Amino acid sequence: MTKYIGKVWRVGDDIDTDLIIAARYLNDASEEFLKMHCLEDVIPDFIGKIQKGDILVAGKNFGCGSSREHAPVAIKAAGISCVIAQSFARIFYRNAINIGLPIVTASEAVWGISTGDNVEVDVNQGYIYNVTTGEEYETETFPPFIQEIIKAGNLLNYVKGRVKFND
Amino acid sequence: MPMHAIHKILAEKSGKQEVKAGEIVNAKVDIAGINDIYLTVLISYDDMGGGKVWDPEKIVFFFDHNAPSPTIKGASNQKVMSEFAREQGIKKIFKINEGICHSVLSESGLVKPGDIIIITDSHTTTLGAFGAFATGVGSTDLAVIMMTGELWFRVPEVINVKLEGTLKDGVMAKDIALHMLGELGTEFATYKVIEYSDSVVEKLSIDERMVLCNMSVEMGAKSTYIRPNSKTIEYVKSRSHAPFIVHETDPDFIYDKEYIFNLDNLLPQVSIPDSVDNARNIEEVEGISIDQVFIGSCTGGKLTDLEAAANILKGKKIAESVRLVVTPSSKEVLTKAIERGYYQTFLDAGAAITTPGCGACFGGHSGLIAAGEKCATTSNRNFPGRMGSIEAGVYLVSPITAAYTAITGKLNNPQYK
């Protein structure tokens, strides 16, 4: 699936991995636990407020900071279908693709989208349609190699399809 | 086509004659490191099918974030990792007494120019100080390396940062990094390599070069590069007998961007809450009351950092209103700091000294801060909640500024005057 439709939660610039999932939660790797604390210092009771399929829209440098894969895992487990940002920090970008959390880079679109808007995103076609305001924006698309990982669902599936196991 | 040294490393390790920025390559990894908070690596590895790892000699565990473990969960994770390492014949486990991954890896001779080093820690950019291609990744990427010995990389563009001039007294590499963040922001180097060059870099000690490379991840960098000079070669050869190749950047290589900083007039810098690029000259923030001073982390807990702080604290007491936490970055640093008398200086001044490790820097343990408190720290991040309460403020400073601040309880560093 490359198309997502959902209600928007809008956050600002430089949302770091400590804000997405604080260090004190990292010792527990379970999705059920991590999602309960996702973005809790940005939007109190985030997990209680969102609905499955909602879309997160952020400013620049989303996911800066630590290498913790717990961050995209927490967002995905919370039920967010797709993250749109003006830009992503490097490790978060890799981690999101690797675990199969759809992400979209679209600088112009971010400005025009507010919390509560309904938007439609197509990762492969490269567009965002804001159903609420009627505006449409182009987005960046992924290079072919990354599209292959996305097609496999995540990096684990992609690698499983390629490697011969060692024993 | 002219290539950068970093590109030559990626080309060699991916079996190619040449690579160019933007291309995606699958490169062989020399060292893959796993930190103790990333049990998720083993879970991902298991999900992929498990089995024997690609090469137990090239996989390293670091028990540095929870050293020693402040929680039962943290202890359990270390237990599971120890068992995994035993089953797999992985012998390189740096246990809770050893220190922070970037320090212990370079000290133990496992970082050489030309290597590709991948660790589950964002500050792995530190090791570009040795002319290696070093970067941080998440659990899934690391699990893939454990299984295949390789990982995909987009060949990065290279930015050249030239540091010219002469540093004033009381100004350290940390101040340079904070100043760069203030000028260029937190994402100017995203997906790219930062090379540091020119006269200031040539003169800096290995420890201080590591600070520049360490803080580069806060600028978005994927990796860093400092051309190995005689200091680098001497350091590496004193710790490793393994052969290595120093790749040279072709003279006509074209950098993505070039920035020149003349540092003659640089003052000590402070990054105020809540972003690393909120850099201010010390004069603008002098006098702000501080509740805790932290001297530690992979950024500011090395021997040079402890030495700088101890020179100022010798024979002094910290202010009544402040607490000082000192965390050496490694066992080697701890040992030398004891030998040189720094520990006695810190103890006499009124410091609490902890086990080497990541501790307070990542808000794990051993020096967290309360709501409403302010902490001046030699570590690397001042995000909201980074070192404890979300309602606390973190001020990033150099070890010299940290030491003066501990004495008066207020942000200051008179040494440059």
Side-chain angles (χ1 to χ4, degrees), chain A residues 13-20 22-31 33-34 40-42 60-62 64-73 86-100 143-146 148-149 154-160 162-167, chain B residues 22 24 35 37-41 43-44 47-54 65-66 69 71-74 76-77 119-124 135-141 143-144 147-148 152 154 185-187 190-192 217-218 220-222 274-277 362-364 381 383-386 390:
Chain A
D13 290 340
D14 297 311
I15 298 295
D16 61 78
T17 53
D18 281 278
L19 286 173
I20 297 169
R24 59 188 175 276
Y25 303 127
L26 298 184
N27 284 319
D28 196 322
S30 80
E31 293 184 6
F33 176 80
L34 293 174
E40 66 181 14
D41 289 332
V42 183
K60 72 177 177 67
N61 208 22
F62 185 79
C64 59
S66 146
S67 63
R68 64 192 69 156
E69 201 166 286
H70 309 65
V73 167
Q86 202 178 331
S87 63
F88 290 91
R90 185 192 76 87
I91 302 177
F92 184 92
Y93 180 94
R94 269 190 95 104
N95 284 344
I97 288 164
N98 287 349
I99 65 140
F145 173 76
I146 292 178
E148 298 258 309
I149 298 176
N154 57 42
L155 185 64
L156 292 188
N157 288 340
Y158 176 78
V159 171
K160 266 195 224 173
R162 288 173 66 241
V163 297
K164 289 189 196 119
F165 289 98
N166 299 338
D167 67 353
Chain B
I24 288 175
N35 306 87
I37 45 172
Y38 290 98
L39 187 65
T40 42
V41 173
I43 296 169
S44 296
D47 286 348
M48 262 193 301
K52 286 275 178 229
V53 297
W54 123 87
H65 282 67
N66 292 319
S69 183
T71 62
I72 297 169
K73 268 243 149 65
S76 310
N77 291 354
I119 307 176
T120 51
D121 189 285
S122 56
H123 289 101
T124 306
T135 191
V137 298
S139 324
T140 305
D141 277 329
V144 168
M147 181 158 281
T148 66
W152 69 270
R154 181 186 163 279
T186 54
E187 54 165 7
T190 300
Y191 311 129
K192 297 175 183 174
V217 74
E218 312 308 334
K222 175 177 194 153
D274 285 324
S275 181
V276 286
D277 59 348
F362 81 112
R381 288 185 179 136
F383 304 150
R386 170 73 180 179
I390 190 90

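From a predicted model like this one, the values you see are computed outputs, not experimental measurements. Chain letters run A, B, ... following the sequence lines, proteins first, then strands; residues in each count from 1.
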Derivation and outcome, side chain to side chain contact (heavy atoms under 4.5 Å, CB included), residues I390(B) and L19(A): CA-CA 9 Å; I390(B) 190 90; L19(A) 286 173; 4.0 Å; yes
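- In this structure, the side chain of K160(A) engages the main chain of D47(B) through a donor-acceptor pair within 3.5 Å.
- When A89(A), P72(A), A71(A), G65(A) are compared by the number of non-hydrogen pairs under 4.5 Å with chain B, G65(A) comes out ahead.
- Heavy-atom pairs under 4.5 Å with chain B were tallied for I146(A), D28(A), D14(A); the largest tally goes to D28(A).
- For chain A, the option among G185(B), G363(B), G74(B), G22(B) with the highest count of heavy-atom pairs below 4.5 Å is G74(B).
- For chain A, the option among R381(B), R154(B), E218(B), R386(B) with the highest count of heavy-atom pairs below 4.5 Å is R381(B).
- For D16(A), the salt bridge (Lys or Arg N to Asp or Glu O under 4.0 Å) criterion is met by no residue, not counting sequence neighbours.
- At distances below 3.5 Å, not a single donor-acceptor pair connects side-chain atoms of D141(B) with backbone N or O atoms of N98(A).
- Note: F33(A) CZ to K73(B) NZ = 7.0 Å, rounded to the nearest 0.5 Å.
- I37(B) touches chain A through backbone and side chain together, each having a heavy atom under 4.5 Å away.
- Closest non-hydrogen pair, F88(A) versus Y191(B), comes out as O-OH, 3.1 Å.
- Among L39(B), V137(B), V217(B), the residue making the largest number of heavy-atom pairs under 4.5 Å with chain A is V137(B).
- If you measure heavy-atom distances from N35(B) to chain A, you find no contacts under 4.5 Å at all.
- Here the closest non-hydrogen pair linking S122(B) and S66(A) is OG-CA, 3.7 Å.
- Within the 4.5 angstrom heavy-atom criterion, only side-chain atoms of I149(A), from C-beta onward, approach chain B.
- Nearest heavy atoms, N61(A) versus E187(B): N-OE1, 3.6 Å.
- Of the atoms belonging to T186(B), heavy atoms from both backbone and side chain fall under 4.5 Å from chain A.
- Of the two parts of I91(A), only the side chain, counted from C-beta on, holds a non-hydrogen atom closer than 4.5 Å to a non-hydrogen atom of chain B.
- The shortest heavy-atom contact between S44(B) and E69(A) is OG-OE2, 4.4 Å.
- Between chain A and the residues T124(B), N66(B), I43(B), V276(B), the most heavy-atom pairs under 4.5 angstrom are made by N66(B).
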Residues L155(A), W152(B); criterion side chain to side chain contact (heavy atoms under 4.5 Å, CB included); working and verdict: CA-CA 11 Å; L155(A) 185 64; W152(B) 69 270; 4.2 Å; yes
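- Of the listed residues (N77(B), T190(B), D274(B)), the one with the most heavy-atom contacts under 4.5 Å to chain A is N77(B).
- S67(A) and Y38(B) share a side-chain donor-acceptor pair at under 3.5 Å.
- Of the listed residues (D18(A), N157(A), L156(A)), the one with the most heavy-atom contacts under 4.5 Å to chain B is L156(A).
- For a residue to count as touching a neighbouring chain, one of its non-hydrogen atoms must lie under 4.5 Å from one of that chain's; by this rule S139(B) touches chain A with backbone and side chain alike.
- Of the possible polar contacts, one joining the R90(A) side chain to the G136(B) backbone as a donor-acceptor pair under 3.5 Å is found.
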